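First up is the structure itself, then whatever we jot down about it.
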Amino acid sequence: MSDTEAGDGRRSSLHGFWSSKLAFILAVTGSAVGLGNIWKFPYVAGENGGGAFVLIYLLCVFGIGLPIMMSETMLGRRGRRNPVASMMLLGEEEGGGRWWGVVGLSGVAAGFLILSFYSVIAGWVLAYVMQSMAGSFVAADAATVKSLFNALAGNWQATAGWHTIFMVITVVVVARGVERGLEQAVTLMVPALIGILLILLGFSAATGEFEMGVRFMFEPDWSKVSGETVLAALGQAFFTLSIGMGCVMAYGAYLPQETSIPATATAVVCADTSVAVLSGLVIFPIVFANGIDPMAGPGLIFEALPLSFGNMPGGVFFGTLFFLLVGFAALTSAISLMEPAVAWWVESFATTRARASIIIGLIIWALGFLSVFSFSLLADFRFLNGTFMDNFDFLTSNVMLPLGGLLITVFCGWVMSENSVNDELNIGQSALYRTWRFLTRFVAPVAVVLVFLHAVGWLDWLMARPIGS
Ligand code: PHE
């Protein structure tokens, strides 16, 4: 980021600007591509029966996620402040009222909750870097790999240790504000990750049940689709794109005025989707070839991938590199999860970035213990949707992010004047603009509301009532 003004005469950013359009694309891609693509997508797809879920997910990504990502970027750039302050300011400017700041606040809260469990999973990834390097997976079979994973997850001291290491790294990076280093990391990481996924894909195709995997992912079995499946797909779309919680808004605040929002958002969404689909194509053939249960849940990739690495030439090298890259991908997402909170804290309490990062990091680290224990001490303590971690995950991905996204699209579609929108999107009255506006005003909000109603069973109840009664 440079500290120079964008030179557009509009509001200036309090934290400087991205050095280029590519830097912004890389930063948002770094935020979007993470555990959501490699760890969560395959296991949620597995739990929800594959094909139909994947298709609904893709529809959500392009029909709802992309327009919301554009909207969120636009709000960030127009507000040029942290998400809470930006929403308050724009709410007032556009005649909607300062209470729109709640969108930002809910994002700050979601960031705390998500990072608290995200860091636990990322910690396991770090542990797997060491395991790969030590050769623990060499020639291993499914049972060995599964017991390795259970030993790690069930050992709260080890899990807590790795969670702590990951949080410390995240806080150090956020505190130093080393955006330049990050830009470079992402430039290398995303292509390297795609490269190694392609190598793995080759291995899955050669040795796994590839056809079964592809069928599982793309052959929809509509009979398996329920309100919860659709909600899970919607939640996954929000989570993987990092939208609905002010993270894209925070990054948008540092975006120079002349950068095209539709082009950057599309690039990010396509990169993110490719990584998720590739991960699924890598995982499921291994899952079926080794009799692993696709419904294995959060341990799925940790039970499947080491089987490939353990049985392929150069597996120690590729395995280590892969988990290292996933760790990096998680780090660039973790940083973005802290950004709304840190920017808000710095601006509201007039403190330094370093101090804000440390305080916020400590709170998140402590909260993380509820997820650490979810696989050991508190594994049997279940309420609502399961363990603490299950509940944090459900509450954020499936409730808070979609609600945040709903408010964002309603704001951009209905509250903000067309002049302001045109100022930011700068695509005139083109077909692209009209599509965006239609999706933003009608499709995205209605879809989110319908999914909620469907998930809680109200839609069926409403539909079952004879008209007029
Ligand atoms: N999109 C990230 C991932 O897929 C997670 C994330 C969610 C990051 C929300 C920021 C905000 O791993």
Side-chain angles (χ1 to χ4, degrees), residues 25-45 57 60-61 65-66 68-69 72-73 76 83 103-104 106-125 166 170 173-174 182 186 189-190 193 197 232-252 265 268-280 298 301 325-344 360 364 371 389 392-405 408:
I25 296 186
L26 288 172
V28 183
T29 308
S31 166
V33 175
L35 298 175
N37 310 59
I38 294 156
W39 160 74
K40 197 172 175 197
F41 173 74
Y43 103 71
V44 179
Y57 158 81
C60 291
V61 162
L66 180 56
I68 292 186
M69 181 170 280
E72 208 179 313
T73 315
V103 176
S106 123
V108 168
F112 275 83
L113 290 172
I114 297 177
L115 188 51
S116 79
F117 71 80
Y118 202 84
S119 164
V120 174
I121 313 292
W124 289 345
V125 171
F166 185 78
T170 306
V173 176
V174 175
L182 272 185
V186 179
M189 184 199 78
V190 176
L193 198 59
L197 279 171
L234 182 78
Q236 176 59 19
F238 275 84
F239 185 84
T240 191
L241 296 177
S242 309
I243 52 174
M245 60 150 288
C247 164
V248 174
M249 206 184 289
Y251 279 6
V268 173
V269 170
C270 290
D272 186 78
T273 308
S274 330
V275 176
V277 171
L278 262 178
S279 301
I301 69 155
L325 287 170
V326 176
F328 260 117
L331 180 64
T332 54
S333 302
I335 290 163
S336 74
L337 279 161
M338 278 185 71
E339 187 60 31
V342 171
W344 170 67
I360 291 169
I364 295 174
S371 296
M389 197 198 114
F392 286 173
D393 183 15
F394 184 88
L395 178 68
T396 50
S397 291
N398 297 5
V399 181
M400 293 173 85
L401 303 192
L403 276 183
I408 287 169

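First listed ligand is number 1; within each ligand, the first listed atom is number 1. Every value quoted in this text rests on a predicted model; they were computed, and no experiment measured them.
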**Asked** Do I25 and V268 touch side chain to side chain, with heavy atoms closer than 4.5 Å?
**Response** yes
**Message:** For ligand 1, which is the ligand I care about here, please tell me if M245 has any N or O atom under 3.5 Å from one of the ligand's N or O atoms.
**Reply:** no
**Request:** Report, in ascending order of atom number, the atoms of ligand 1 lying under 4.0 Å from any heavy atom of S336.
**Result:** 8 (C), 10 (C)
**Request:** Before signing off on this row, confirm whether L337 and ligand 1 have an N or O atom pair separated by under 3.5 Å.
**Result:** no
**Request:** Please list, chain by chain and in numerical order, all residues satisfying side-chain hydrogen bond (donor to acceptor under 3.5 Å, both in side chains) with D272, sequence neighbours excluded.
**Result:** N37, T240
**Message:** Among all the protein's non-hydrogen atoms, which is closest to atom 12 (O) of ligand 1, and how far away is it?
**Reply:** Y118 OH, 2.5 Å
**Asked** Taking only residues two or more places apart in sequence or in another chain, which ones pass side-chain hydrogen bond (donor to acceptor under 3.5 Å, both in side chains) with S31?
**Response** S242, S336
**Message:** Considering both backbone and side-chain atoms of C247, is one of its nitrogen or oxygen atoms within less than 3.5 Å of a nitrogen or oxygen in ligand 1?
**Reply:** no
**Fill in**
Looking only at protein heavy atoms, what sits closest to atom 7 (C) of ligand 1 is F239 O, 3.3 Å
**Prompt:** Is there side-chain contact between V125 and F166, with heavy atoms separated by less than 4.5 Å?
**Reply:** no
**Message:** Using side-chain heavy atoms (C-beta onward) and a distance below 4.5 Å, is F239 in contact with Y118?
**Reply:** yes
**Prompt:** Do P83 and V103 come close enough that some side-chain heavy atom pair is under 4.5 Å?
**Reply:** no
**Prompt:** Which ligand 1 atoms are under 4.0 Å away from a heavy-atom of L35?
**Reply:** 12 (O)
**Asked** Considering distance alone, does some N or O of L241 sit under 3.5 Å from an N or O of ligand 1?
**Response** no
**Request:** Could you check if a side-chain atom of P340 sits within less than 4.5 angstrom of a side-chain atom of M249, using non-hydrogen atoms only?
**Result:** no
**Request:** Give the residue, atom name and distance (to 0.1 Å) of the protein heavy atom nearest atom 4 (O) of ligand 1.
**Result:** A32 O, 2.9 Å
**Heavy-atom nearest neighbour of atom 2 (C) of ligand 1 within options G30, S31, G34, G36** = S31
**Item:** Which segment of K40 sits under 4.0 Å of ligand 1 when only heavy atoms are counted
**Value:** neither
**Request:** Quick one: pull up CG in L113 and CZ in F394 and give me the separation to the nearest 0.5 Å.
**Result:** 14.0 Å
**Prompt:** Taking heavy atoms and a distance under 4.0 Å, where does S242 meet ligand 1: side chain, backbone, both or neither?
**Reply:** both
